[in-house]
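Worksheet: the structure to be examined is printed underneath.
Throughout, protein chains are lettered first and strands after them, A, B, ... in sequence-line order, and every chain is numbered starting at 1.
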Amino acid sequence: MSNVRVRFAPSPTGAPHVGNIRTALFGYLWAKHTGPSGKFILRIEDTDQAREVENGLELILESLRFLGLTWDEGPDVGGAYGPYEQSKRLPLYQAHAAQLIAQGDAYHCYCTAERLEQMRAEQKAQGKPSRYDGACRQLSADERAAHERAGDARVVRLAVPRDGVTTLPDFIHGDLTIANKEVDDQVLLKSDGFPTYHLAVVVDDHLMQISHVMRGDDWIPSFPKHVLLYRAFGWDIPPHGHLPNVLGPDKKKLSKRHGATSVLQFRDDGYLPEAMFNFLARLGWSLDDKNELFTREDLIQVFALDKIEHAPATFDHAKLDWLNGYYIRQLPADELAARLTPFFERAQLRADAATLRALAPLVQERLKKLTEAVAQADFLFGADPEYDPQLLIGKGLDAAAALAALRAAAATLEKYPALADEEKIEAELRAAALNLGQKNAQFFNALRVAVTGKTVSLPLMGSIRLLGYEKTMRRIARAMLLLDGK
RNA sequence: GCCGCAUUCGUCUAGUGGACCAGGACGCCGCCCUCUCAAGGCGGAGACCAGGGGUUCGAAUCCCCUAUGCGGCACCA
């Protein structure tokens, strides 16, 4: 196979959501699967000035970087086929549009927005599909000259054949066919001199020698325009694959309506890139019935185009959470601590590196998302926690028994102010429980609530070690006081 | 409305004419482990393969029709 070159071509209209990024991921995987010669290219389709967002480009770059979807060519890194922002390639499109007009494959249209609007309203009223009526397609030379003399604004439209059908082989769906009469005389070049998607994508994919076009299957209805353009220019059509969309829980195409859908939001919500990468790859693609967990390297190695699903896939948050938890558990403790750092900073908890490093093993198998560590560890920071004293009294115990448990626990801990030998302390605490005739669960519950203020907490011994001897003893004493009144 | 794409457990999916009274994963339920919660182990429920016609000795797998869902119908991508 000659060199594979796949492009991801978003427009800078906001933070890319996971559906778009999944398209980027598949392109990346396919390019990298073919080895070092496979290139992943980033091209920015900024041809609509109206919809542009100021930091749109940055958001795209950041999203791709988060997932490690490194591009070989793009607006920031350059490449042999630049520029990679369509707004910087305007003369190219204009020249190609001129060529089409010269060949008779496109024509100037002088219709005003008002006329088009009225035309569509009429078509709609008659229950007809809204399509450009071709008014300017058969303008005489004189009429054109008149419009030009008057300085009327003009666009360039594609002259779509009235009959026949257009077929595109698609490596996901098989042959796709649409009758030409269903295809609009699409605008190729807008009156502001910018191209529309249709012209730009074909010109750029060809000029940039894109080997495989991969895009969402919401593009299927407009492929005839692209095929027609390739033919008009006399260019080979690269293999196309229309990826099924990613759906929200309501089965509708994923969008902002579905809540946090941008990759950056997932990052901020505490999802690992490893997990997102794995999860997104499995949405609409699978290897077989055995493998679920894939690293980036695995995926690059086994990714195959013919395994891409035909039907849209629903984004399953629960499964993502499971995967994220799995990858969190795989992290070395140092690494987990490092990844946790920004979340504690954001929560404004003064957790130094050593504390986080010691905390990591405790929270590790209890996290689905990194953000959750903050709530699990918050008892370590700030003032002694407030709680309902009733919580100190475990199931089947009374206040006196809980008090006895705390007294025994304090007596044990007092012997180990350095909290050095955890196992030994724990053994002694168990012995104390036995001695009091309490179940471990009952005994430790009292201690747990006293120390953490919660009935559900991180492992007790580790929590005590992190809290420190002083604070622990103070909280136990306080708990005993609370119990005294009962 | 017109055109197109799709249709296997709740979800992601395996399955390309016989090995499928349909396999795995997430989720769910139960048990074990256990200082709580998790994690882990074990087990369970859960899909008559959208429906109906064909083709075939034989169909989840091939063909047709219907239904449903989704997508597109801009000087937006």
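Comparing Asp184(A) and Tyr197(A) by the nucleotide of RNA chain B whose heavy atom lies nearest to each, the residue mapping closer to the 5' end is Asp184(A). Of the two residues near RNA chain B, Ser130(A) and Lys290(A), the one whose nearest nucleotide lies more 5' is Lys290(A).
Between the P atom of rG4(B) and the CD1 atom of Ile220(A) lies a distance of 12 Å, rounded to the nearest Å. One interatomic measurement links the two molecules: CG of Asp133(A) to P of rC73(B), which rounds to 18 Å at whole-angstrom precision. Whole-Å rounding puts the Glu114(A) CD to rC75(B) C1' distance at 12 Å. Rounded to whole angstrom, the span from the CG atom of Asp218(A) across to the C1' atom of rG69(B) amounts to 16 Å. Straight-line distance from the NE2 atom of His226(A) to the P atom of rG72(B): 14 Å, rounded to whole Å. Following rounding to the nearest Å, Arg43(A) (CZ) and rA77(B) (C1') show an atom-to-atom distance of 12 Å. Nucleotide rG4(B) holds its P atom 15 Å from the CG atom of Asp170(A), rounded to whole Å. Distance NE2 (His242(A)) to P (rC3(B)): 20 Å, rounded to an integer number of Å.
Figure legend. rC33(B) is base-paired to no nucleotide; pairs are counted as Watson-Crick or G-U wobble with both atom distances under 3.5 Å. With a 3.5 Å ceiling on both atom-pair distances, the Watson-Crick or G-U wobble partner of rC73(B) is rG1(B). In this structure, rC26(B) and rG10(B) make a Watson-Crick or G-U wobble pair, each of the two defining distances being under 3.5 angstrom. Shown here, rU55(B) forms no base pair; nothing in the strands shown gives a Watson-Crick or G-U wobble contact with both key distances under 3.5 Å.
Heavy atoms only, all atoms of each residue included: Ser87(A) and Phe194(A) are closest at CB-CE2, 4.2 Å. Considering all non-hydrogen atoms of both residues, Pro16(A) and Leu59(A) come closest at CD-O, 3.8 Å.
Listed for the His17(A) side chain is no donor-acceptor partner under 3.5 Å among the backbone atoms of Ala15(A). Checking side-chain atoms of Asn55(A) against main-chain N and O of Glu58(A) turns up no donor-acceptor pair under 3.5 Å. Within the 3.5 Å criterion, the main-chain N or O of Ala50(A) finds a donor-acceptor partner in the side chain of Asp48(A). Using a distance-only test at 3.5 Å, with no hydrogens or angles considered, no donor-acceptor pair links the side chain of Glu274(A) to the main chain of Thr295(A). Arg282(A) places no side-chain N or O within donor-acceptor distance of the main-chain N or O of Glu292(A), the cut-off being under 3.5 Å.
Across all strands shown, Gly216(A) has no heavy atoms under 4.0 Å from either base or sugar-phosphate atoms. Among the atoms of the strands shown, only primed sugar atoms or phosphate atoms (P, OP1, OP2) are found under 4.0 Å from some heavy atom of Pro195(A). Residue Lys307(A) is in sugar-phosphate contact alone, with no base atom involved, counting any heavy-atom pair closer than 4.0 Å across all strands shown. As judged by a 4.0 angstrom heavy-atom cut-off over every strand, Thr47(A) is placed among residues touching the sugar-phosphate backbone only. Among the protein residues, Val187(A) comes within range of the sugar-phosphate backbone only, with heavy atoms under 4.0 Å from sugar or phosphate atoms but none that close to a base. Among the heavy atoms of the strands lying under 4.0 Å from Ser191(A) is at least one base atom, whether or not backbone atoms are also near. No contact: Lys454(A) has no heavy atom under 4.0 Å from any strand. Backbone-only engagement by Lys252(A) is indicated by non-hydrogen atom pairs under 4.0 Å involving sugar-phosphate atoms exclusively. Nucleic acid contact for Glu182(A): sugar-phosphate only, since backbone atoms but no base atoms lie under 4.0 Å from a heavy atom of the residue.
Taking 4.0 angstrom as the limit, Arg157(A) places a side-chain polar atom (N or O) nearer than this to OP1 or OP2 of rC75(B). Side-chain N/O atoms of Thr13(A) include none lying less than 4.0 angstrom from OP1 or OP2 on rA77(B). Proximity of Lys124(A) to the phosphate of rA74(B): no side-chain N or O atom is located under 4.0 Å from OP1 or OP2. At the phosphate of rA14(B), OP1 or OP2 sits under 4.0 Å from a side-chain N or O atom of Ser286(A).
For Phe303(A) and Phe26(A), the ring centers are positioned less than 6.0 Å apart. Residues His317(A) and Phe279(A) place their aromatic rings such that the two centres sit no closer than 6.0 Å.
One distance of note links CG of Asn245(A) with NZ of Lys253(A); it measures 5.5 Å at 0.5 Å rounding.
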Please write out the pairs of protein N or O atoms and N or O atoms of nucleotides 6-10 of chain B separated by less than 3.5 Å, giving the distance to one decimal.
{"from": "rA6(B)", "atom 1": "OP1", "to": "His173(A)", "atom 2": "ND1", "distance (Å)": "2.9"}

Just by protein heavy atoms under 4.0 Å, how would nucleotides 28-44 of chain B read 5' to 3' in B, S and -?
-------BBBBSS----
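Candidate nucleotides rG72(B), rC75(B), rU13(B) were compared by shortest atom distance to the side chain of Thr196(A), and rC75(B) ranks first. In this structure, the nucleotide among rC76(B), rG71(B), rC2(B) sitting nearest to the side chain of Pro129(A) is rC2(B). Listed nucleotides rC75(B), rC76(B), rG72(B) differ in distance to Leu116(A); the shortest reach to its side chain belongs to rC75(B). Listed nucleotides rC76(B), rA14(B), rC26(B) differ in distance to Asp289(A); the shortest reach to its side chain belongs to rA14(B).
Taking atom P in both rA22(B) and rC31(B), the straight-line distance is 28 Å, to the nearest Å.
Contact check on Arg154(A) versus Glu148(A) returns a salt bridge, with a Lys/Arg side-chain nitrogen under 4.0 Å from an Asp/Glu carboxylate oxygen.
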Output side-chain donor-acceptor pairs under 3.5 Å for residues 433-444 of chain A, partner residues at least two apart or in another chain, one line each.
{"from": "Gln438(A)", "atom 1": "NE2", "to": "Ala401(A)", "atom 2": "O", "distance (Å)": "2.9"}
{"from": "Gln442(A)", "atom 1": "OE1", "to": "Lys439(A)", "atom 2": "N", "distance (Å)": "2.9"}
{"from": "Gln442(A)", "atom 1": "NE2", "to": "Lys395(A)", "atom 2": "O", "distance (Å)": "2.7"}

